Amino acid sequence: MLNGNLKLAVQKKGRLTDKSLQLLRKCGLDIEEYSERLIVTARNYQLDILFLRDDDIPEYVQDGVADVGIVGQDVVREKKAEIEVLRPLGFGKCRLMIAIPEDKNINSLSELNGKKIATSFPVILREFLEENRISAKVIEISGSVEITPSLGVAEAICDLVSTGNTLKLNKLKKTFTVFESGAALIGNTRLNEDLERSRLLNRLLLRIDSVIQAGNSRYLMMNVPKEKLTDVLQALPSLKSPTIMPLADESMLAVHAVISTDTYWEINENLKSAGASGILLLSIENMIL
Ligand code: PRP
Ligand code: ZN
């Protein structure tokens with residue numbers, strides 16, 4: 001393992017595993033299909049990927065076992081490890097929530113007073129209860145928290161909710177949100193002392209940034225009658241100045257622009273009513289601003 005490669009920790013099995021590998025592949029890294037192996041080396045980059053339990057990743061990064069890691073902000077906050085959050089990654093969005101059995105009702109936080117709440121996030125939950133002046137008993141469980149109400153161990157749970165399937169399967173329902181989370185890239189705070197690995201990380205960060213930027217952007221193409229050009233340009237909040245090109249039909253122009261993904265549906269109708277036609281929206285693989 002002392003090979004000078006950058007060591008990146010990824011969740012071994014869970015919500016973030018596939019998306020983490022997808023991000024790395026979009027960054028051009030040739031990574032072998034993951035199968036029960038603990039370490040995989042990229043074929044075209046000096047990078048070792050370590051597959052670990054997500055709860056352990058902050059500590060491994062703190063201690064330098066891994067240089068960087070992809071992990072939920074929930075685990076980062078829970079573990080209070082000495083690490084640096086390098087980038088939010090835009091995927092793995094979920095919420096840490098308090099949930100109760102479907103056939104029970106709780107309308108206000110104060111009704112949690114005196115209740116038992118099972119969780120694998122005792123630190124965050126205790127902070128939340130304290131802030132809201134609730135005195136409830138926190139029961140620390142390392143996994144399968146969702147079955148504790150049916151076993152009579154707790155009256156409520158505090159766990160991550162993404163699609164909500166786990167809650168539904170266990171006949172639980174959401175009540176309060178404790179923390180909003182998403183995946184982040186974290187790094188060891190002393191990594192800058194190692195020039196070679198810092199260089200490897202910086203090159204990787206450049207790629208990650210351009211993939212994230214591309215994911216948030218779309219390439220928009222449309223045809224516009226010459227006399228409508230000003231109206232159409234006004235309806236267009238593009239990242240940079242749009243490209244305008246002549247068409248074979250001399251009364252028309254082609255307008256191309258990069259826009260942010262979120263704005264497309266907002267501006268689509270305005271573009272049409274301003275006179276644009278043949279509107280195409282394409283995804284972008286990679287983008288450097
Ligand atoms: C979390 C949580 C639930 C599941 C919720 O597990 O503990 O089991 O995700 O997702 P859903 O709402 O889409 O069903 P995680 O992936 O963090 O794995 P872990 O519990 O093994 O750490
Ligand atoms: Zn976990």
Side-chain angles (χ1 to χ4, degrees), residues 8-24 34-38 49-63 65-66 68-83 85 87-104 106 112 116-129 136 138-151 153-187:
L8 168 75
V10 162
Q11 186 181 21
K12 189 174 163 58
K13 203 185 245 169
R15 288 170 308 109
L16 301 179
T17 312
D18 286 348
K19 293 261 173 72
S20 303
L21 293 176
Q22 232 174 55
L23 171 70
L24 297 173
Y34 160 67
S35 58
E36 297 310 304
R37 284 174 55 194
L38 198 62
I49 300 167
L50 279 56
F51 292 94
L52 302 169
R53 274 192 58 209
D54 64 340
D55 305 48
D56 297 333
I57 292 178
E59 209 173 303
Y60 278 134
V61 171
Q62 167 189 282
D63 299 345
V65 177
V68 282
I70 297 178
V71 77
Q73 266 147 353
D74 45 278
V75 178
V76 172
R77 185 171 158 201
E78 177 67 26
K79 299 298 172 188
K80 302 228 182 296
E82 249 182 74
I83 49 92
V85 175
R87 295 287 187 282
L89 295 172
F91 64 83
K93 294 263 161 67
C94 61
R95 289 190 286 173
L96 185 65
M97 298 192 82
I98 294 179
I100 57 166
E102 276 169 359
D103 57 0
K104 296 276 161 38
I106 286 193
L112 289 172
K116 284 182 279 187
I117 310 174
T119 189
S120 16
F121 294 89
V123 172
I124 305 181
L125 177 59
R126 284 206 177 94
E127 281 173 5
F128 175 81
L129 294 172
V138 175
I139 305 197
E140 293 187 35
I141 307 256
S142 61
S144 304
V145 168
E146 59 278 359
I147 61 167
T148 54
S150 62
L151 296 178
V153 176
E155 286 119 336
I157 66 162
C158 174
D159 200 10
L160 291 177
V161 181
S162 166
T163 58
N165 286 340
T166 307
L167 289 189
K168 225 177 263 164
L169 272 173
N170 291 281
K171 299 199 175 348
L172 298 168
K173 64 181 178 190
K174 309 171 195 170
T175 56
F176 311 105
T177 299
V178 174
F179 183 65
E180 306 240 2
S181 183
L185 183 74
I186 59 170

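All residue numbers refer to positions in the sequence shown, counting from 1. Owing to the predicted nature of the structure, the values given are computational and were not obtained by experimental measurement. All ligand and atom numbering here is 1-based and tracks the order in the structure.
Considering D74, I157, T166 only, the shortest heavy-atom separation from atom 4 (C) of ligand 1 involves T166.
Taking the Zn ion (ligand 2) as the corner point, the angle from D55 atom OD1 to D54 atom OD1 is about 50° (rounded to 10 degrees).
Checked by distance only, ligand 1 and G14 stay at 3.5 Å or farther apart across all their nitrogen or oxygen atoms. Considering backbone and side-chain atoms together, D159 places an N or O closer than 3.5 Å to an N or O of ligand 1.
Across D74, I98, T119, a single residue satisfies side-chain contact (heavy atoms from CB on, under 4.5 Å) together with V178, and that is I98. Considering D54, D56, I57, L16 in turn, D54 is the only one that fulfils the side-chain contact (heavy atoms from CB on, under 4.5 Å) rule with V75. Partner of E78 under the side-chain contact (heavy atoms from CB on, under 4.5 Å) criterion, out of L96, L125, I124: I124 alone.
For atom 21 (O) of ligand 1, no protein non-hydrogen atom is found at a distance below 4.0 Å.
Atom 1 (C) of ligand 1 has as its closest protein heavy atom R15 NE, 3.5 Å. Annotation: atom 5 (C) of ligand 1 to nearest protein heavy atom, L160 O, 3.4 Å.
The closest donor-acceptor contact from the side chain of E155 to the backbone of K116 lies under 3.5 Å. Under a 3.5 Å cut-off, the side chain of K173 and the backbone N or O of L167 do not form any donor-acceptor pair.
Ligand 1 places these atoms under 4.0 Å from at least one heavy atom of S162: 10 (O), 11 (P), 12 (O), 13 (O).
Heavy-atom separations between G164 and ligand 1 include at least one value shorter than 4.0 Å.
Side chains of F121 and D159 form a contact here, defined as non-hydrogen atoms less than 4.5 Å apart.
Counting heavy atoms closer than 4.0 Å to ligand 1, residue T163 contributes atoms from both its backbone and its side chain. Looking at Q11 against ligand 1, only its side chain comes within 4.0 Å, counting heavy atoms. By the criterion of a heavy-atom distance under 4.0 Å, the side chain of D54, and not its backbone, is placed next to ligand 1.
Electrostatic pairing of K80 and E127 counts as a salt bridge here, judged by a charged N lying under 4.0 Å from a carboxylate O. Salt bridge present: R126 and E140 bring a charged side-chain N and a carboxylate O closer than 4.0 Å.
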